[in-house]
Amino acid sequence: MDKIIDLIETLCKIPAPSGREEKRATFCKEWLEARGAEGVYIDEAFNVLYPVGCEGKDDIVLFMAHTDTVFPDMEELPFYRDDKYLYSPGVGDDTTCLAMLLTVAGQVAEKGLRGKRGVLFAANSCEEGLGNLKGTRQIMKDYGGRISEVYTFDSQYNCLINRCVGSHRYEVVIETEGGHSFNKFGKRNAIHAMSQLVCRLYDCQVPVIGDSKTTYNVGLAEGGTSVNTIAQRASFLFEYRSDNAECLNEMKAFFENEIEKAREDQNVKISVNFLGERPCSGQVDFKKLSEMSDKVASVCEKHSGVSCLTKAGSTDCNIPMSLGIPAVAVGSYLGSGEHTREEKVLIESLPVGMKIVEELVMCEFNN
């Protein structure tokens with residue numbers, strides 16, 4: 001495991017906010033090429049792609065792990081370890097999974113393996129936050145209808161994701177004339193108008209269809225200039241999510257209706273900027289999806305001794321699933337603190353995760 005840990009440490013120290021993954025992408029490409037991988041390239045979305053036996057094939061299996069993290073840092077990120085854990089922002093999500101996928105892809109290159117189907121390895125970009133799954137969208141665009149199955153390694157190995165949580169994300173900007181807090185008292189305050197709108201959005205009764213789950217959230221709010229200034233401008237970020245496409249559309253209608261109501265105040269200007277969309281599942285072959293899910297759960301349970309929890313999630317799988325391509329997300333470690341600077345990975349879980357990734361990938365080359 002020392003080589004895996006060294007690779008995790010190296011990757012952790014390379015900053016990679018969504019949309020700024022150039023340095024990690026370059027490292028991944030050069031790392032694979034040093035192990036004999038041929039035809040590795042970086043596309044316009046900063047995905048690192050290593051196609052194996054894909055030429056002329058219309059039956060390609062895609063294995064992915066994303067390079068970006070949720071952290072905005074462009075300086076080297078801290079990394080340290082003790083006898084039990086590896087610690088670093090992004091160490092689990094998704095750097096450990098990325099290191100393991102690179103390791104297995106390197107083994108394929110070193111051994112010159114080929115399978116019956118084409119295999120595409122991808123260290124993909126822009127999975128997190130407002131990256132809007134740009135990397136996966138680019139892969140699906142470039143490879144058209146040639147990809148038949150997708151496995152993405154993301155998060156921990158005690159759960160798998162085979163249902164998509166879709167989402168819509170917006171920036172809402174409120175503008176008023178503002179003024180001096182004493183001399184212009186009574187003028188509309190953008191922060192007050194924003195607060196009223198947020199309260200109306202939080203009065204939403206979320207739609208429910210069957211066992212669907214729908215949520216909403218204001219994740220960032222800001223505005224104003226000083227304590228004695230009537231705020232001219234305020235803004236907030238708003239999203240809603242659902243694992244049901246019909247519920248997602250109902251939330252869209254609710255949001256648009258509340259915005260129009262708020263615009264009836266002639267003294268307030270409201271602008272809405274659409275920041276991104278993650279689609280729900282499309283018309284997927286659920287028999288094939290079930291077979292893939294059973295295979296992944298079986299492999300995870302065999303090596304970990306822990307039953308896999310199956311759930312819905314928002315991952316790179318959303319894009320292929322929206323196009324009707326079956327996709328499953330599973331992790332390769334155990335840990336805690338995802339999306340915090342205190343994230344850590346349990347060292348003793350790494351051999352288990354490595355076996356899971358190896359078996360799921362190498363079964364494509366053992367025919």
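In this chain, numbering begins with 1 at the start of the sequence shown. Computed from a predicted structure; not experimentally measured.
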- List the steps and the verdict of side-chain contact (heavy atoms from CB on, under 4.5 Å) for Leu113 and Met362. CA-CA 9 Å; Leu113 301 179; Met362 287 302 185; 3.9 Å; yes

- Task: Would you check, one step at a time, whether the test side-chain hydrogen bond (donor to acceptor under 3.5 Å, both in side chains) holds for Ser293 with Ser290?
- Result: CA-CA 5 Å; Ser293 301; Ser290 179; over 6 Å; no

- Message: I'd like to know whether Arg278 forms a side-chain hydrogen bond (donor to acceptor under 3.5 Å, both in side chains) with Ser314, so could you lay out the CA-CA distance, the side-chain angles of the two residues, the decisive distance to 0.1 Å, and finally the verdict.
- Response: CA-CA 8 Å; Arg278 295 191 176 204; Ser314 180; 2.9 Å; yes

- Item | Intermediate values then yes/no, side-chain hydrogen bond (donor to acceptor under 3.5 Å, both in side chains), Glu338 and Ser155 | CA-CA 8 Å; Glu338 290 179 345; Ser155 194; 2.9 Å; yes

- Which is it for Glu239 and His168 under the side-chain hydrogen bond (donor to acceptor under 3.5 Å, both in side chains) test, yes or no, and what are the steps along the way? CA-CA 6 Å; Glu239 73 156 18; His168 296 164; over 6 Å; no

- Task: Please test Ile356 against Ser332 for side-chain contact (heavy atoms from CB on, under 4.5 Å), starting from the C-alpha separation and ending with a verdict.
- Result: CA-CA 7 Å; Ile356 291 169; Ser332 63; 6.0 Å; no

- Message: With side-chain contact (heavy atoms from CB on, under 4.5 Å) as the criterion, how do Asn318 and Cys164 come out once you've worked through the C-alpha distance, each side chain's angles and the decisive distance to 0.1 Å?
- Response: CA-CA 6 Å; Asn318 285 48; Cys164 297; 3.9 Å; yes

- Mind running side-chain contact (heavy atoms from CB on, under 4.5 Å) on His180 and Thr229 for me, showing each step along the way? CA-CA 5 Å; His180 191 282; Thr229 300; over 6 Å; no

- Message: Let's go through Glu359 and Lys355 carefully: what are the C-alpha distance in whole Å and the side-chain angles of both, what is the deciding distance for salt bridge (charged side-chain N to carboxylate O under 4.0 Å, His left out) to 0.1 Å, and is it a yes or a no?
- Response: CA-CA 6 Å; Glu359 182 165 343; Lys355 289 176 183 177; over 6 Å; no

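Other residues, nucleotides and ligands contribute over 12 non-hydrogen atoms within 6.0 Å of the NZ atom of Lys57. Enclosure of atom CG in Asp211 is not indicated, since only 12 or fewer non-hydrogen atoms of other residues, nucleotides or ligands lie within 6.0 angstrom. Around OH of Tyr41, the count of heavy atoms belonging to other residues, nucleotides or ligands within 6.0 Å exceeds 12. Residue Phe274 places its CZ atom among more than 12 non-hydrogen atoms of other residues, nucleotides or ligands, all under 6.0 Å distant. Counting non-hydrogen atoms of other residues, nucleotides and ligands closer than 6.0 Å to CD of Glu38 gives a total of 12 or fewer. By the 6.0 Å contact criterion, CZ on Arg20 is open, its count of non-hydrogen atoms from other residues, nucleotides or ligands being 12 or less.
Within the 4.5 Å cutoff, no side-chain heavy atoms of Asp94 are placed close to those of Phe153. Leu11 has its side chain within reach of Cys28: a pair of non-hydrogen atoms, C-beta onward, lies under 4.5 Å apart. In this structure the side chain of Val173 never reaches within 4.5 angstrom of the side chain of Ile270, judged on heavy atoms. A 4.5 Å side-chain heavy-atom check between Ile209 and Thr214 finds every atom pair outside the cut-off. By the 4.5 Å heavy-atom criterion applied to side chains, Leu102 and Leu32 are counted as neighbours. Within the 4.5 Å cutoff, no side-chain heavy atoms of Thr69 are placed close to those of Glu128. Ile259 places a side-chain heavy atom less than 4.5 Å from the side chain of Leu197. Looking at Arg241 and Arg169, their side chains come closer than 4.5 Å, going by heavy atoms from C-beta outward.
No donor-acceptor pair under 3.5 Å is formed between the side chain of Thr67 and the backbone N or O of Ala123. Under the 3.5 Å distance criterion, the side-chain polar atoms of Thr176 are left unmatched by any main-chain donor or acceptor of Lys269. Looking only at distances, no side-chain donor or acceptor of Ser298 sits under 3.5 Å from a matching main-chain atom of Asp294. Counting only distance, with no hydrogens or angles, the side chain of Ser195 and the backbone of Ile191 share a donor-acceptor pair below 3.5 Å. In this structure a side-chain-to-backbone donor-acceptor pair under 3.5 Å is present from Ser349 to Leu334. Of the possible polar contacts, none joining the Thr136 side chain to the Leu133 backbone as a donor-acceptor pair under 3.5 Å is found. A distance-only check finds a donor-acceptor pair linking the side chain of Arg146 to the backbone of Cys54 [under 3.5 Å]. When atom types are taken as modelled, the side chain of Glu343 and the backbone of Ser336 share no donor-acceptor pair closer than 3.5 angstrom. In terms of modelled atom types and a separation under 3.5 Å, the side chain of Asn244 and the main chain of Lys213 share no donor-acceptor contact. Panel note: side chain Gln232, backbone Glu177; a donor-acceptor pair is recorded below 3.5 Å.
A donor-acceptor contact closer than 3.5 angstrom links the side chains of Asp68 and Ser18.
Hydrophobic clustering (side-chain heavy atoms under 4.5 Å, transitive across Ile, Leu, Val, Met, Phe, Trp, Tyr) keeps Met321 apart from Val165. In the hydrophobic clustering of ILVMFWY residues, with side-chain heavy atoms under 4.5 Å counting as a link, Met1 and Tyr333 come out together. Follow the hydrophobic side-chain contacts under 4.5 Å out from Ile319 and you never reach Tyr151; the two are in separate clusters. Linking Ile, Leu, Val, Met, Phe, Trp and Tyr residues whenever their side-chain heavy atoms come within less than 4.5 Å places Val61 and Leu101 in a single cluster. No continuous path of ILVMFWY side-chain contacts below 4.5 Å connects Val48 to Met64, so the two sit in separate hydrophobic clusters.
If you look at Phe254 and Tyr216, their ring centroids are not closer than 6.0 Å. Ring to ring, Phe121 and Tyr50 are close: their centroids are under 6.0 angstrom apart. Aromatic rings of Tyr170 and Phe238 (six-membered ring for Trp) have centroids beyond the 6.0 Å cut-off, not under it.
Interatomic distance, CZ of Phe365 versus NZ of Lys111, reported as 10.5 Å (0.5 Å rounding).
Using a cut-off of 4.0 Å between Lys/Arg side-chain N and Asp/Glu carboxylate O, Lys29 and Glu33 are scored as salt-bridged. Ionic pairing of Lys344 and Glu342 is not present here: no N-O contact between side-chain nitrogen and carboxylate oxygen is shorter than 4.0 angstrom. Of the charged side-chain nitrogens involved, none lies within less than 4.0 Å of a carboxylate oxygen, so that Glu21 and Lys23 do not count as a salt-bridged pair. Salt-bridge annotation for Asp265 and Arg188: present, with a side-chain N of the basic residue lying under 4.0 Å from a carboxylate O of the acidic one. Under the 4.0 Å criterion applied to side-chain N and carboxylate O atoms, Glu258 and Lys261 are assigned as salt-bridge partners. Checked for salt-bridge contact, Arg263 and Glu260 meet the test: a charged N lies under 4.0 Å from a carboxylate O. Using a cut-off of 4.0 Å between Lys/Arg side-chain N and Asp/Glu carboxylate O, Lys84 and Glu348 are scored as not salt-bridged. Looking at Arg117 and Glu149, a side-chain N of the basic residue comes within less than 4.0 Å of a carboxylate O on the acidic one, giving a salt bridge. Between Lys295 and Glu291 there is no salt bridge, since no side-chain nitrogen of the basic residue lies less than 4.0 Å from a carboxylate oxygen of the acidic one. With salt bridges taken as basic N to acidic carboxylate O contacts below 4.0 Å, one links Arg163 and Asp243. Salt-bridge check for Lys134 with Glu127: failed, with every basic side-chain N at 4.0 Å or more from each acidic carboxylate O.
Checked against His66 for a side chain to side chain donor-acceptor pair (under 3.5 Å), the options Asp93, Thr315, Thr152, Thr95 give a single hit: Asp93.
Ring planes of Phe255 and Tyr240: tilted class, angle from 30 to 60°.
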